[in-house]
Amino acid sequence: MIRVNGNYLKLAGNYLFSEVANRVAKYQEENPGARVIRLGIGDVTEPFGPVITGALRGAVDEMSRRGTFQGYRSDKGYEFLREKIAQHDFLSRGVAMDPEEIFISTGAKEDTANIQELFHRDTRIAVPDPVYPVYVDSNVMAGRTGGFSDGRYGGITYLDCTGENSFRPDLPDGEVDLIYLCFPNNPTGQVATKDDLKKWVDYAKTKGAVILYDAAYEAFIRDDALPHSIFEVPGAREVAIEFRSLSKTAGFTGTRLSYTIIPRELRIPGDDGGSHSLNQLWDRRQSTKFNGVAYIIQRGAEAVFTEEGRREIEATIGYYLENAAIIRRGLEKNGIEYTGGVHSPYIWLRAPGGLSSWEFFHRLLDQCQVVGTPGAGFGRCGEGFFRLTAFGSRENVIEAMERFSRLK
Ligand code: PLP
């Protein structure tokens with residue numbers, strides 16, 4: 001008799017953002033006149049500028065002509081885009097990257113969730129806490145964890161991120177094989193220095209571990225001394241995979257385009273005693289399960305890497321960072337403790353008055369009609385914290401922060 005995958009039954013509760021959406025929908029139903037301002041889910045609000053729009057339009061025109069129409073193509077992505085990424089994201093920061101090490105995809109969510117397929121079922125996972133929930137849930141689905149109890153899954157090593165370590169994970173006490181890191185961090189908004197990353201690269205080299213480095217928010221870094229890529233750290237090519245996305249960088253959350261970098265040097269052992277290239281295994285996986293990103297979208301993405309495109313996206317990122325500054329000032333005015341929001345669109349605040357994350361969620365919704373994300377949804381260490389995002393119109397962000405003064 002057919003049965004469901006029992007690992008799915010281990011998953012705790014709803015996916016965080018569905019839970020937030022359900023509770024907001026219920027509030028709206030009960031308060032139909034309320035104008036709710038959403039600073040919860042990290043979704044962009046600002047439209048494409050003329051450079052990206054022009055490139056998308058041009059590609060639509062190409063698709064309408066026999067000579068330039070495109071059908072199935074390389075699942076790895078068009079070379080015109082992979083070459084530009086190698087040049088503008090990596091070589092410009094002194095990192096040589098072969099376009100063959102770059103895999104174009106539809107999202108860092110998909111790739112960070114799917115990459116675990118390459119690793120042995122017995123792989124010991126380490127995740128920061130709080131953490132982007134996809135890393136954890138995808139491993140639960142794959143059967144790499146025990147059950148959920150007291151806010152955590154058995155079998156995972158959680159790296160506590162609290163005020164004591166400035167919300168940056170410390171090396172684990174025990175041994176782990178696969179480490180998820182994300183900088184600038186969702187949800188805490190923290191950034192890592194090169195020394196921070198070197199510590200992880202050295203650990204991975206010593207222990208034979210692999211680092212999965214999620215750099216979805218690197219474009220928000222404003223200090224040139226901070227690394228945008230883990231590959232700016234010597235030795236990282238042998239131990240790390242990096243995920244990048246145009247979602248927050250260039251407003252592609254709905255359009256979908258990301259890229260995953262797997263250096264050729266990254267090889268790990270298999271049960272057969274051999275040493276295996278993760279670049280080749282991912283290529284094999286993608287060619288079996290994925291048929292590439294739409295030509296039109298890849299042409300739109302290419303425009304991001306031109307000088308005019310870069311100017312266009314920098315203006316939008318600057319706009320969100322100014323929103324973050326408005327949020328920070330609003331919190332300070334109301335005496336609310338926070339971190340983040342400088343090289344990041346996320347502000348991580350301590351729920352005032354010792355409230356739990358969900359208590360504060362409801363208080364903010366009831367008294368201010370502002371939606372944020374309860375920190376507890378990102379892990380046990382997120383309890384008592386709350387995440388606001390700088391993705392929103394200027395007018396909404398200003399109004400939301402004015403409404404904070406209504407908090408009782
Ligand atoms: N990684 C992190 C840390 C994120 O916060 C998000 C989205 O919020 C993603 C990945 C997903 O990015 P994408 O839109 O490319 O799937």
Side-chain angles (χ1 to χ4, degrees), residues 15-21 38-46 48 77 81 85 89 102-116 127-139 159 161 167-169 179-192 211-221 228-230 240-261 286 290 293-294 297-298 300-301 304 313 316-317 320 324 340-341 343-348 371-373 375 377-379 382 387-392:
Y15 181 63
L16 173 61
F17 297 105
S18 321
E19 185 61 31
V20 168
R38 290 160 206 270
L39 300 180
I41 190 163
D43 196 1
V44 295
T45 51
E46 301 312 295
F48 289 143
L81 179 57
I85 291 169
D89 270 5
I102 300 171
F103 296 80
I104 308 296
S105 181
T106 48
K109 182 179 198 175
E110 293 87 311
D111 283 13
T112 53
N114 292 329
I115 198 83
Q116 46 74 30
V127 292
D129 178 351
V131 71
Y132 178 54
V134 172
Y135 313 151
V136 174
D137 288 3
S138 55
N139 278 292
L159 308 169
C161 297
F167 301 96
R168 287 202 288 264
I179 302 147
Y180 290 79
L181 293 178
C182 171
F183 291 109
N185 187 260
N186 175 16
T188 65
Q190 299 308 297
V191 285
I211 299 167
L212 300 176
Y213 191 73
D214 188 341
Y217 297 94
E218 59 75 31
F220 288 79
I221 294 174
H228 288 244
S229 166
I230 195 165
I241 293 176
E242 182 164 301
F243 304 90
R244 295 250 182 147
S245 171
L246 292 192
S247 282
K248 315 300 161 82
T249 306
F252 277 62
T253 53
T255 313
R256 313 300 296 147
L257 191 128
S258 69
Y259 37 106
T260 291
I261 319 296
Q286 291 295 80
F290 184 61
V293 174
I297 309 305
Q298 293 196 53
V304 170
I313 64 161
T316 309
I317 292 169
Y320 292 132
H343 304 291
S344 158
Y346 295 120
I347 296 95
W348 187 242
V371 179
T373 309
F378 297 99
R387 191 194 74 175
L388 290 176
T389 88
F391 296 118

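Note that ligands are numbered from 1 as they come in the structure, with each ligand's atoms numbered from 1 the same way. FYI, the numbering just counts along the sequence from 1. Keep in mind it's a predicted model, so treat the numbers as computed, not measured.
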Legend entry - Donor-acceptor contact present, side-chain His343 to main-chain Val191, <3.5 Å: no

Legend entry - Ser258 side chain to Gly107 backbone, donor-acceptor under 3.5 Å: yes

Identify the closest protein heavy atom to [atom]: which residue and atom is it, and at what distance?
atom                    : value
atom 7 (C) of ligand 1  : Lys248 NZ, 3.2 Å
atom 11 (C) of ligand 1 : Tyr132 OH, 3.3 Å
atom 1 (N) of ligand 1  : Asp214 OD2, 2.6 Å

Inset, instruction - List for me each residue that meets side-chain contact (heavy atoms from CB on, under 4.5 Å) alongside Thr253, sequence neighbours excluded, and say none if there are none. - result: Asp43, Val44, Ser247, Lys248

Return yes or no for this condition: an N or O of [X] is under 3.5 Å from an N or O of ligand 1.
X      : value
Tyr217 : yes
Thr253 : no
Leu257 : no
Ser245 : yes

Inset, instruction - Kindly say whether the aromatic ring centers of Tyr180 and Tyr132 come within a distance under 6.0 Å. - result: no

Legend entry - Distance flag, aromatic centroids of Tyr259 and Phe243, threshold under 6.0 Å: no

Legend entry - Side chains of Tyr217 and Ser344 in contact at under 4.5 Å (non-hydrogen atoms): no

Legend entry - Within-4.5 Å side-chain heavy-atom neighbours: Ile241 and Ile211: no

Inset, instruction - Please state which part of Ser247 comes within less than 4.0 Å of ligand 1, counting heavy atoms only: side chain, backbone, both or neither. - result: side chain

Inset, instruction - Please assess Tyr320 against Phe391 for the test ring pair (Phe, Tyr, Trp, His ring centres under 6.0 Å), listing each intermediate value before the final yes or no. - result: CA-CA 6 Å; Tyr320 292 132; Phe391 296 118; 4.8 Å; yes

Can you list the ligand 1 atoms lying under 4.0 Å from a non-hydrogen atom of [X]?
X      : answer
Glu110 : 16 (O)
Asn186 : 3 (C), 4 (C), 5 (O)
Cys182 : 3 (C)
Lys109 : 11 (C), 12 (O), 13 (P), 16 (O)
Arg256 : 13 (P), 14 (O), 16 (O)

Legend entry - Nearest heavy-atom neighbours spanning Cys182 and Tyr135: CB-OH, 3.5 Å

